[in-house]
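Structure first, commentary second.
All figures in this text were calculated on a predicted structure; none of them were measured in a lab. Side chains included, hydrogens not; waters and symmetry mates left out as well; all remaining heavy atoms used. In each ligand, atom 1 is the first atom listed, and ligand 1 is the first ligand listed.
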Amino acid sequence: MIQEKELTSGLSTKEAEKRIRNFGLNELKHQKKISAIKILLSQFNDFIVWVLIAATIISGIIGDKADAVTILIIVVINAILGFVQEFRTEKSLEALKELAAPTCKVLRDSSIKIINSIYLTIGDVVILEAGDRIPADGFFIESSGIVVDESLLTGESVGVNKECGKYKISSKKAEEGKDGSNKLGKSKKENGLNNEGFMGTTVVKGRGLFKVDCIGMDTEMGKIADLIQNIEEEKSPLNKKLDSLGKILVVICIIICAIVTIMGIIRGNDITEMFLLGVSLAVAAIPEGLAAIVTVSLALGVSRMLKKNALIRKLPAVETLGCTSVICSDKTGTLTQNKMTVKEVYLNGRIHELEKEKLNDYTKFMKALVYCNDCNYDFTKNKMCEVMHGDPTETALVNVFFSDSKELERFINRANRVYDIPFDSTRKMMSVIVKEEGKETCYVKGAPERLIDKCDLILESGKLKPFTYQKKKQVMEFITAMSSRALRCIAAAYKEEHLTRGERLEQNLIFLGVAGSIDPPRQEAADAVLKCKLAGIKPVMITGDHQNTALAIAKALNICNTSDQVMTGEEIEEISDLELEGTIKKIRVFARVSPNHKLRIVRAFKRKGNIVAMTGDGVNDAPAIKESDIGVAMGISGTDVTKEASSMILMDDNFSTIVAAVEEGRIIYDNIRKFIRYLLSCNLGEVLTMFLATIFYLPNPLSPIQILLVNLATDGLPAIALGVDPPEQDIMRQPPREKKESIFARGLVEKILVRGSLIGLCTLLSFMVGRFYRMNLEECRTLALCTLVMSQLIHVFECRSERHSIFQIKLLTNPYLVGAVLISVLLMCSVLYVPFLQNIFHTVALTLNQWLIVIFFSGIIAFINSVYLLIKSK
Ligand code: ATP
C-alpha cells in the first residue's frame, strides 16, 4: 500500500522538464544510426554488378556507346529500387525498437504517472515492483523486501537485498549539477547501507520507492553501453537458408552464363557482345534480392501486426508464428476482461449475494480485504474510479465496501502498514501488519484452500469458534460451489497475537470469509478460440485460479467441455515429466498452477512435437516464456522482465491478438513462398531461353540490354507487390505447417522447375515462329522479349495461390500488384512504340498479328494450367 502521505510528492512536471533540458534524456547513446548513403552504396556492393559495369564501360569504349549508357542507367535504377526497399525496412525496424522502449511508474506532481523511461530525470521518485527493470541509477528510499538481480553488472546471479536509506536530494543540489555532471547524492555510498540500484538490473521481489541520481550515459550501464550495443541483430532461419541457397544459385547461374558466352564466342559471335550478354544474363538471373525481400516482407508484416496490437520483438518470431500448434494462454485479463466485480461473499456460515443484500457485521472482514491490499489511492480526485489504481482483483475488493472516496480516505488513514509480505503467484497469498490506534494486527488474504490450512479458528457472527476439520470441509463446499459459478475466490483471515516477521506470520490464523468476483470472458476470445480450432491450433488455458472457476470460464469460451480435460498444479507435482507428456495431449485447462509448472507444461508440449506459444506477465513467468517457441508478454500488465524474455508483446493483453498474429505469420510465410516461386521460375525462364538457344544453335533471342530490361520490368515491383498480397480465404482452415519444413516443400520446387522451363520454352518458340515467318532479327527478338515479359506478368497472378487457378482468385484484390503489372506493361509498350526507345532497345513496333503470337505463347501455359486446376478442384 503505497500511500500518498508516505511519499515525497515527487518532482513537479515543470521541474522535471527543466531538468531534462539541463541533463538530457535518460538514454544510452546509439552508435549505430542507419545512414542512407551507406545503404545506397551497399546496393553496388556486388561482384557481378561490378563486372557488368566494367564490361559495359569496356564495350562502350570499343563499341556501342548508347548501349553502354543504357545498361548503366538500368543498373542505377535497379540500385535505387533496392535502396528504397532496404531504407524502408531499416526505418520501420528502427521505429519498432522505439516502441518497445521500456516505461516506468514515476511520481510527478504528487500522482503516479507511467512515462517512457527516457524522460526520467535526476530527483525523480520511481515506484518499483517485482519484475521491473530499474530505469536509472539511484537508491531506494523505501523498500519492502526488495531483492534485485544484478547479474547483468556483476555476473553474480544471487539476488541482492536492498535496504532503504533516508536521504533526500534537494532540488538545490540538482541545480548544482548543471555543469553537465549529474552525479548527486554521493552520501549514500558512505553509510554502508546497500540501498543502491543500477540501471538495467531487475527487481525480482518486493516493492519500493527509488530516487534517481544518475541518468543516461552517466550510469554504470552507460559506461558499458558500447559493449552491449555491438550485439548482432538476429537473422531469421529462413533468411539464413535463403542466403546459402542464393550462393548455390549464383554458382549455377555463372556456370550457365559462362557456357552461353563461350559457345557464342566459339560460334564466331563478337567477343565483347557475348561477354556483355553473359554478364547481363548473370545479373538478371541471379536472385540476389531473395534474402532481402524476405527481410522486407517480415518487416512489413511486423508493422501490420503492430496495427493489430502485437509488437514483435524478434524478427525470426514472425516465421515461427505461422507454425504455432498450441497456444497456452493466461486466463485473467487475456481470455477474460479483467474487470472484476465481487458478486458473492461467504461470511458467517452462509453465502451473501451482493446484488440482493448489503453486508453488515463485516468490520474485520472489511479491514482484511482493504488493508491487506496493494491499491494505490489518489485522494485529490473525487470519483472512486479515479481515486483507485491497481490490480482489478484488488480494486474490486475495496469497491465492495466503499462508494464514497472521503469515507474510504478516513478508513485508510486509520491504519498504518508497518510490515508486509507481497502477493506472489506461487504462494497465492499476501499478508500485512498494520498499526491501528497503537495496536498491531496481521491481515492475510489469498487462495481459499491455501489459507484455510493456516487457520485454527473462525470468526462467525462476532464469535471465535474452533475451525474444525468438519467446519473446514463445510466451508470448502461453499467455495467449490462459488468457483463453479465462475467466481474467482479470495479468502481473508487475521490474527492479533504472535506477530512474528517472516512467513511464520501466516500461521495460526483466524478465518473470516471469502469474496467471489466475476470476471467475464472477453467476447472476442470466444471467436478467436473457434478460429484456432479451425486452424488446427490447440488453445490451452493456464491459470492460477481454482479448477472450477477455470473450467466454468473455459466452457464459456469453448476451450473444453469436460472436467477430465482439466489438470491442477497439484496433479502436475505428482507425476513425472514422462507421464505429463503422456497425458498432456488431452488437457485443455491447467488450474491452480504456479509459474514453475508453466515451464514443465511448455517442455512437455514441445517434446510432443508442438510449436508452443506461451503467455506470461509476472517475473516468474520469464523462464517459461523463454523456453517456448513464441514467448508472449503482456503489454499492459506484463513486467519488464517478461517483456524482455518474450518474442512478442500483446499491447492489449488480448488472446485474440495472439491468434491474429499467428494468422499474420501464416500470411507472411505464404507471401514469401509466393515471391520465391515467382522470382525463381522467372529467372529460370530467362536463363533457359538463352541456354536453349545456344544449344540449338540459334541466334541470341535477346540482347544484353533486353535481358536487363526484362529483369527491371518483372523482378522489381511485381515481386515486392506479391510480398504484401492479401491472404487466401482458407488460410486459417489449414493445419499449421511443420517448423522444419523447407520453404520449397509441398511441391514448390516442382512448380518452379516446370513453370520456369515452360516460360523459357514458350519464349524460344515465339522467337522461332518469328524466324519461321522470316521476320528480321529485331522483330524476332521483340517477339521473344514481349513473350518473356508477358509470361512473367501473367505468372505473377498464378503465384497468388497454390491451390486455386487464376479464374478462381479475385485478381483485383491486390491493387499494388495490379499497379506494378500495369507499370511493367507500360514500360514494355513504351520500349516498343516510342521511336527514341526503339533505337536504344533495338525493338520494333509489333503488328496485331505479331501480338497474337506473343499473347498465344505467353498465355497458353497459364490457360492450360488454370483449366487443369479448375477441373481438379471440382
Ligand atoms: P492467470 O493470470 O495466469 O490466469 P491468475 O491471475 O488468475 O492467473 P494468480 O494471480 O496467480 O492467477 O492468482 C491465483 C489465486 O491467488 C487467485 O485465484 C486468488 O485466489 C489468489 N489471488 C489473486 N490475486 C490475489 C491478491 N492480490 N491477493 C491475494 N490473493 C490473490
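For the salt bridge (charged side-chain N to carboxylate O under 4.0 Å, His left out) with Glu436, the qualifying choice from Arg417, Lys364, Lys367 is Lys367, the only one to do so.
The pair Glu477-Lys472 does not meet the salt-bridge criterion, since no charged nitrogen lies less than 4.0 angstrom from a carboxylate oxygen.
Around ligand 1, the residues contributing at least one heavy atom under 4.0 Å from the ligand are Asp330, Lys331, Thr332, Thr393, Glu394, Phe423, Ser425, Lys428, Lys445, Gly446, Ala447, Arg488, Cys489, Ile490, Ile542, Thr543, Gly544, Asp545, Arg592.
The side-chain tip of Arg501 points at the ring of Tyr419 from less than 6.0 angstrom away and within 45° of straight on.
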Worked verdict on Tyr494 versus Phe365 for ring pair (Phe, Tyr, Trp, His ring centres under 6.0 Å): CA-CA 9 Å; Tyr494 80 108; Phe365 184 56; over 10 Å; no
For residues 534-543, which side-chain donor-acceptor pairs fall under 3.5 Å, sequence neighbours excluded?
from, atom 1, to, atom 2, distance (Å)
Lys538, NZ, Lys585, O, 2.6
Thr543, OG1, Asp545, N, 2.9

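With 3.5 Å as the limit, one finds no donor-acceptor pair spanning the side chains of Gln337 and Asp519.
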